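Written out below as structure tokens is the structure these notes cover.
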2 protein chains.
Amino acid sequence: MRFISRTSSDGVTEQLFILGEIPGVLWTPEDAAGARPLILMGHGGGQHKKAPGIVARARRFVTEGGFAVVAVDAPNHGDRPKTEEFAEVVARLRAGMAAGEDVAPHLATMHTFLAGHAVPEWQAVLTAVQELDVVGAGPVGYFGMSMGCGLGVPFVAAEPRVRAAVLGLLGVDGLAEAAARVTVPVRFLLQWDDDKVPRAQGLALFDALGSADKTLHANPGDHGEIPEFETGSSLRFFARHLG
Amino acid sequence: MRFISRTSSDGVTEQLFILGEIPGVLWTPEDAAGARPLILMGHGGGQHKKAPGIVARARRFVTEGGFAVVAVDAPNHGDRPKTEEFAEVVARLRAGMAAGEDVAPHLATMHTFLAGHAVPEWQAVLTAVQELDVVGAGPVGYFGMSMGCGLGVPFVAAEPRVRAAVLGLLGVDGLAEAAARVTVPVRFLLQWDDDKVPRAQGLALFDALGSADKTLHANPGDHGEIPEFETGSSLRFFARHLG
């Protein structure tokens, strides 16, 4: 794990790093010392580790919750090279959208394709980050919406170090089996008028989660319109389970 | 409005009162002075103003939020006489349950029957309580699950002094028209495995609410098993909208 840069502003220290081929970013409270709960944050499709929504949420988690937060570029996203195989998957997704087909199976294919790489990558990042004094081997949470949920469900199902997760903005296609293996407390966010994920498919993914402790939060609005107050609510959810 | 008793314990003052034929209870912070936000709390079917769930929630709202809280016995409930007409409605509900019929239309009939009295009663109680120095004409919220929702939806739709509501544990039968007239922020609680309210009917009531700002919280478990953390979440919801 190689650190590339370190900057601080408004009480938050941001460090860019590379682990193997994975570019990442670690946010911690400025002048933080000692171990603290860690949140892994998975970005959405076509986004990257420093997408505005990721950065804003990470900074709140750091300043209001004292968490460490890590985001990485998912395979074929952000600063990472795009493979021909991925380009073909994306082309089929776009062609399906243009033809007015049901997008869900195409999205599921893309997420399954990416998850084969993303799951072991998150595990390696987690191991490396937990060796830092400012993080340590404390409790770990995962936050991921949309594609961050599509890659997060198999990751959380596979990784016992993750103790709580905030997921959402995605349907059940391709995820039912992995969702059933998720047993940690889950907060699931659903947008009632989601233009990308049919309501019934989102409800079915919540239903499929194996966790005894899971809560659905549904709000009016489109895919990208999760209300700001849900960020504070997610923060309290993580504080309750990782604090 | 006639006060009957006044006791205080653990920082909460409880006063029993009678307004006309309506027995009620007012909880306020011990030694409270001056106006404060008020929560009207509607109890469930077969329950009363001092049912354990009502009392526990009221005490938290008072001690953690500084609210005043009022509960009353709904018509034909608690200390109030039961009319023959109500007994017939209940008998039809019980016969329907015994026969394995869909209970929703029977519940809707009962709630519609009661709401004709309960809505003007709540309005009279609100007017009387707001004349007290310790309450005043400040912001008002309504909290009601199950029958408390069935009577609360028409009340909140009719009463402009109510500025936010926590509702839930009920389906859309008989309530669609009133729900569409609710425009204040609503938190709606749904139990994912509710043995009394089919999931689709609960989701349909949330859908029917006219409010632009409404959030569904769904948790696993039966009708009576709302997790304790939702009480704190409701408290923050009211603090955000009435504070």
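Chain naming here is simple, since letters A, B, ... match the order of the sequence lines and numbering starts at 1 in each. This is a predicted model, so every value here is computed, not measured. Side chains are part of it too, since the values below use all heavy atoms of this structure and drop only hydrogens, waters and symmetry mates.
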Query raised in the report: Residues of residues 37-67 of chain B under 4.5 Å from chain A (heavy atom pairs)?
Result: none
Query raised in the report: How about residues 166-200 of chain B versus chain A: which residues have heavy atoms under 4.5 Å apart?
Result: Trp192(B), Arg199(B)
Requested in this report: Taking heavy atoms only and a threshold strictly under 4.5 Å, list by residue number the residues of residues 134-161 of chain B that touch chain A; give 'none' if the list is empty.
Outcome: none
Requested in this report: Can you check whether anything in residues 205-218 of chain B gets within less than 4.5 Å of chain A, heavy-atom wise, and list it by number?
Outcome: Phe206(B), Asp207(B), Ala212(B), Asp213(B), Lys214(B), Thr215(B), Leu216(B), His217(B), Ala218(B)
